[in-house]
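Below is one structure, written out as structure tokens, with a few remarks after it.
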Amino acid sequence: MTTPFPAATITGYPRIGRRRELKTALESLWAGRIDTGEFAQTTRSLRVQTYHRLRELGLTEDYAIPATHSHYDHVLDTALTVGLIPSATTGTDFDLGEYFALARGTADRSPLEMTKWFDTNYHYLVPELEDATTFKAHPQHLLTLVSEARTAGHRVRPVLVGPLTLLTLAKTAPGTATSPLERLDELTAVYLDVLSILSAAGVEWIQLDEPALVTDSGEYSDEELAEAAARTYATLTSALPHSRLLVTAPYGSLRAGLPALADSGIGALGVDLSPAVRTLDPGYVDRLAEAVPSSVRLVAGIVDGRNVWANDLTASLETLRSLPQPEVSVSTSTSLLHVPHTVADEPALPVDVATWLSFAEEKVTEVEALAAALSEGRQSRESAFARADRAQRTRAESTTVHNPAVADRTAALRDHDGRRGAYADRLAAQASLDLPVLPTTTIGSFPQTREVRRARADHRAGRIDDAGYEAIMRAEIDRVVALQEGIGLDVVVHGEPERNDMVQYFAEHLDGFATTENGWVQSYGSRCVRPPILYGDVSRPTPITVGWSTYAASRTELPVKGMLTGPVTILAWSFAREDISLAESADQIALALADEVADLEEAGIGIIQIDEPALRELLPLRRVDRPAYLDWSVRAFRLVAANAALATQIHTHLCYSEFGEIIEAIDALDADVTSIEAARSRMEVLADISEADFDRGIGPGVYDIHSPRVPSVAELTELVDSALQSVDASRLWINPDCGLKTRGYAEVEAALANLVTARDAALARIGAAQPTAV
Ligand SMILES: CN1c2c(nc(N)[nH]c2=O)NC[C@@H]1CNc1ccc(C(=O)N[C@@H](CCC(=O)N[C@@H](CCC(=O)N[C@@H](CCC(=O)O)C(=O)O)C(=O)O)C(=O)O)cc1
Ligand SMILES: N[C@@H](CCS)C(=O)O
Ligand SMILES: [Zn+2]
């Protein structure tokens, strides 16, 4: 008889550490400051401390705690565990040299490609499947996790990415004949090996995450995925007599996948019941009530794993009680990977805002309180429920949340579509910019040096005053402007040295947002971000970027491009409100940014870029939800520039994604110039651009800024030439793929010099010298 599934659990936990211990350990290992032995010891104590803390917070039952640690990325870990990526192991762990070579590359090997994990701001490493790939079980590190936890007194639940999700996330190497899903049965056999080895080691519950089943927008239809799931899970469960499977479906709702999983023989089904999912699919709870048989433990992810609002425990308990299944477990909707560790580390948050929040630790206590209330009644956790009720009430009534002036302004927009004048008129008006053919520019940020970061930290800590800080930033702007002039770029930028992050910086200067000191969330590997908390109506008390841009303009005769982060990206990379729609929040942010555009124009800045790298990321996972999203997101972007003069050239920039699917929406942004990531995919986006009849300025990135390599003039020339095959020279801009903040000055200077040389060579070939207006 297997141990029953725990009444309270979570889908996963942040692995970076409350004090970013994993980041420190990784960066120390990579810099040679510690060896692999010390790294192993540090990460082991991080894991064990996490288990102890989770038990203190209420996850006391066997298998309540999932073992979700990863040194870098959980998709990489699973791909190595089943041999989708050939791996070397040490007997207790992956071979770390090989592991980090895959994750980060080496002098002579490229790293695996990185891309966004579903609709989140977390990036996973994309495994590459070849016909020659032979799957094979490598469960050593899982056995280590299990045994080290046991030694420390915990029975933890090993977690893998499920076979369907792993295959749908993998890409096929060039020349591969079979599609990933054709390899499913073969892969299932190897998962079975891994699960059997864990089972033989006495593990009774194992978790497989299958978020692919909440999507229908990839290569496979919902029905195809559901059919495959039914087959795979029937195979896996029938061959595991001593252990049971929890399959989770985070980030959305199951449709065809629901009966497929519910009837496959699995022991428990984890579902996402977060407010965002239930808003998109209001019938989900009823479908679950009907479809999940009593033989399957329903693990209700009613505590939101992605957002930071304190749970409405009273409403959640009511939902849980409405489920007809005799026993329901309480869990988080997704892994808590997406939220910071604890509100306790944020003493500087406004007191009222702090009481409305739950980060990872607080969410574990919410799970525990709901599970206890479900079995023993609300009175067993009365103080938690009373606190939660108070948070709901004070937030709803708060004057810091609701600003009638902002509400009036968005209400007045009504059917405003944000369209500027006709492009032909804008083109004529922008001729005054007097730009050359194939103009060169950068995307905005220049290297964030140690000195710049230290100045920011010193300013924050009060070690330098405002004047001292401003002097350091101005010196950096002087350097960046002089560098661009020296290299011969046509449109220059101030370099963004004052920005800790392209979203957090704006949030720090807008009313309605709170920012954190220690609210770090893993973005990829050792890199983290601190997503701002959007808690109230948004307005802009004073200009944000105008001082920096006008200072740069005072240092050069060249046109200076002002730099803004767009409303969709600010929203996507923040914790959003749930009391109003995303569309309304986007409009509010857009109007605040429109004020900034007006002030930049007034100050004489004639070119303004509005970055939207997250436009693709927020695209809903189900096709049916996409048109509404694209409608409000495009509209919000357009509102930012709606009142800009015809002569003001509006740029936008997109990166971190493949854009083929949304090329029409990008066109609809109606920017005068769009710079877009392209170098890594060897300009694949150009085919989409030609197909969409994109007829305004376009700058497909020719310099891959994700790599420390300096591209040669020959490589850049090849990319410029390939762009010229698809885009008329009068519309083509020459620029890098993205901002340069993560690079060093030496490589940036050399790469940009090569970029200008490649442009000059292209100009000589096409024999164009007349100015163009785009
Ligand atoms: C473009 N990307 C972004 C995403 N999301 C965002 N919100 N922002 C983005 O830019 N998503 C998609 C991609 C993800 N890419 C990256 C790339 C790089 C990082 C990264 O390097 N993160 C840094 C932290 C950056 C930051 O906020 N820096 C602050 C604070 C720095 C800090 O840690 N300070 C120390 C003290 C330092 C000192 O004394 O010198 C401290 O507070 O302890 C700043 O520079 O002011 C990282 O280190 O992880 C993230 C996403
Ligand atoms: N302007 C920003 C865009 C990054 S996506 C930068 O250059 O870093
Ligand atoms: Zn970018």
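Just follow the structure's listing: the first ligand is 1, and inside any ligand the first atom is 1.
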*From atom 30 (C) of ligand 1, work out which of Arg530, Arg499, Arg456, Lys741 has a heavy atom at the shortest distance.*
Arg530
*Would you mind finding which of Pro531, Ser574, Ala572, Ala457 brings a heavy atom closest to atom 37 (C) of ligand 1?*
Ala457
At what distance is the nearest protein heavy atom to [atom], and which residue and atom is it?
{"atom": "atom 14 (C) of ligand 1", "result": "Ser523 OG, 3.4 Å"}
{"atom": "atom 25 (C) of ligand 1", "result": "Asn500 O, 4.0 Å"}
{"atom": "atom 4 (C) of ligand 2", "result": "Met502 SD, 3.5 Å"}
{"atom": "atom 3 (C) of ligand 2", "result": "Asp611 OD2, 3.3 Å"}
{"atom": "atom 31 (C) of ligand 1", "result": "Trp520 CH2, 4.3 Å"}
{"atom": "atom 33 (O) of ligand 1", "result": "Arg20 NH1, 3.4 Å"}
{"atom": "atom 47 (C) of ligand 1", "result": "Lys23 NZ, 3.1 Å"}
{"atom": "atom 23 (C) of ligand 1", "result": "Cys528 O, 3.6 Å"}
{"atom": "atom 8 (N) of ligand 1", "result": "Asp501 OD1, 2.6 Å"}
{"atom": "atom 40 (O) of ligand 1", "result": "Arg454 CA, 4.2 Å"}

_Gln504, any N or O under 3.5 Å of ligand 1 N or O_ = no
_When you compare ligand 1 with Gln448, is there at least one nitrogen or oxygen pair between them that comes in under 3.5 angstrom?_
no
_Consider side chain to side chain donor-acceptor pair (under 3.5 Å). Of Lys741, Arg456, Glu476, which one does Gln448 pass it with?_
Arg456
*Output, by chain and residue number, all protein N/O/S atoms separated from the Zn ion (ligand 3) by less than 2.8 Å.*
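Near the Zn ion (ligand 3), below 2.8 Å, one finds His653 NE2, Cys655 SG, Cys738 SG.
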For residues [X] and [Y], establish whether the separation of their ring centroids is below 6.0 Å.
{"X": "Trp733", "Y": "His651", "result": "yes"}
{"X": "Tyr251", "Y": "His338", "result": "yes"}
{"X": "Tyr122", "Y": "His74", "result": "yes"}
{"X": "His71", "Y": "Phe39", "result": "yes"}

*Going by atom types only, do Thr545 and Glu596 share a side-chain donor-acceptor pair under 3.5 Å?*
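Yes.
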*Go through the side-chain N and O atoms of Ser526 and Glu27 and say whether any donor and acceptor fall under 3.5 Å apart.*
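Yes, side-chain donor-acceptor contact under 3.5 Å.
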*Kindly check if the number of other-residue, nucleotide or ligand heavy atoms within 6.0 Å of CD (Glu485) is above 12?*
yes
*Around atom CD of Glu661, are there more than 12 heavy atoms of other residues, nucleotides or ligands at under 6.0 Å?*
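Correct, the count exceeds 12.
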For [X], take its heavy atoms, then give the atoms of ligand 2 lying under 4.0 Å from any of them.
{"X": "Gly444", "result": "7 (O)"}
{"X": "Cys738", "result": "4 (C), 5 (S)"}
{"X": "Ile443", "result": "1 (N), 7 (O)"}
{"X": "His653", "result": "3 (C), 5 (S)"}
{"X": "Cys655", "result": "5 (S)"}

*Does Arg460 make a cation-pi contact with Tyr469 (under 6.0 Å, within 45 degrees of the axis)?*
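Relative to the ring axis of Tyr469, which defines the angle, Arg460 lies outside at least one limit.
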_Could you tell me if Arg696 sits above the aromatic ring of Phe694, with its cationic atom closer than 6.0 Å to the ring centre and no more than 45 degrees from the axis?_
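Checked: cation-pi criterion met.
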_For Arg453, atoms of ligand 1 separated by under 4.0 Å from a heavy atom_ =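 Ligand 1 atoms under the 4.0 Å threshold to Arg453: 28 (N), 45 (O).
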*Atoms in ligand 1 flagged as close to Tyr524, the criterion being non-hydrogen separation under 4.0 Å*: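 Counting atoms of ligand 1 from 1, those under 4.0 Å from Tyr524 are 15 (N), 16 (C), 17 (C).
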*Report yes or no: does Glu496 have a heavy atom closer than 4.0 Å to ligand 2?*
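Yes, that is the case, since the closest heavy atom of the residue is under 4.0 Å from the ligand.
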*Salt-bridge present (Arg540, Asp511; N to O < 4.0 Å)*: no
*asked:* Any carboxylate oxygen within less than 4.0 angstrom of a Lys/Arg side-chain nitrogen, looking at Asp490 and Arg759?
replied: yes
*Side chain or backbone of Ser445 under 4.0 Å from ligand 2, or both, or neither, by non-hydrogen atoms?*
both
*Report yes or no: does Arg450 have a heavy atom closer than 4.0 Å to ligand 1?*
no
*Mind checking whether Arg460 has a heavy atom under 4.0 Å from ligand 1?*
yes
Locate the shortest heavy-atom distance separating [X] from [Y]; write the atom from each residue and the value.
{"X": "Ser523", "Y": "Val529", "answer": "CB-CG1, 4.3 Å"}
{"X": "Thr648", "Y": "Gln430", "answer": "O-NE2, 3.2 Å"}
{"X": "Thr68", "Y": "Tyr13", "answer": "OG1-N, 3.2 Å"}
{"X": "Ala614", "Y": "Thr569", "answer": "N-OG1, 3.1 Å"}

*Looking at Leu654, Asp667, Ile650, which one forms a side chain to side chain contact (heavy atoms under 4.5 Å, CB included) with Thr674?*
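Considering Leu654, Asp667, Ile650, a side chain to side chain contact (heavy atoms under 4.5 Å, CB included) with Thr674 is found only for Leu654.
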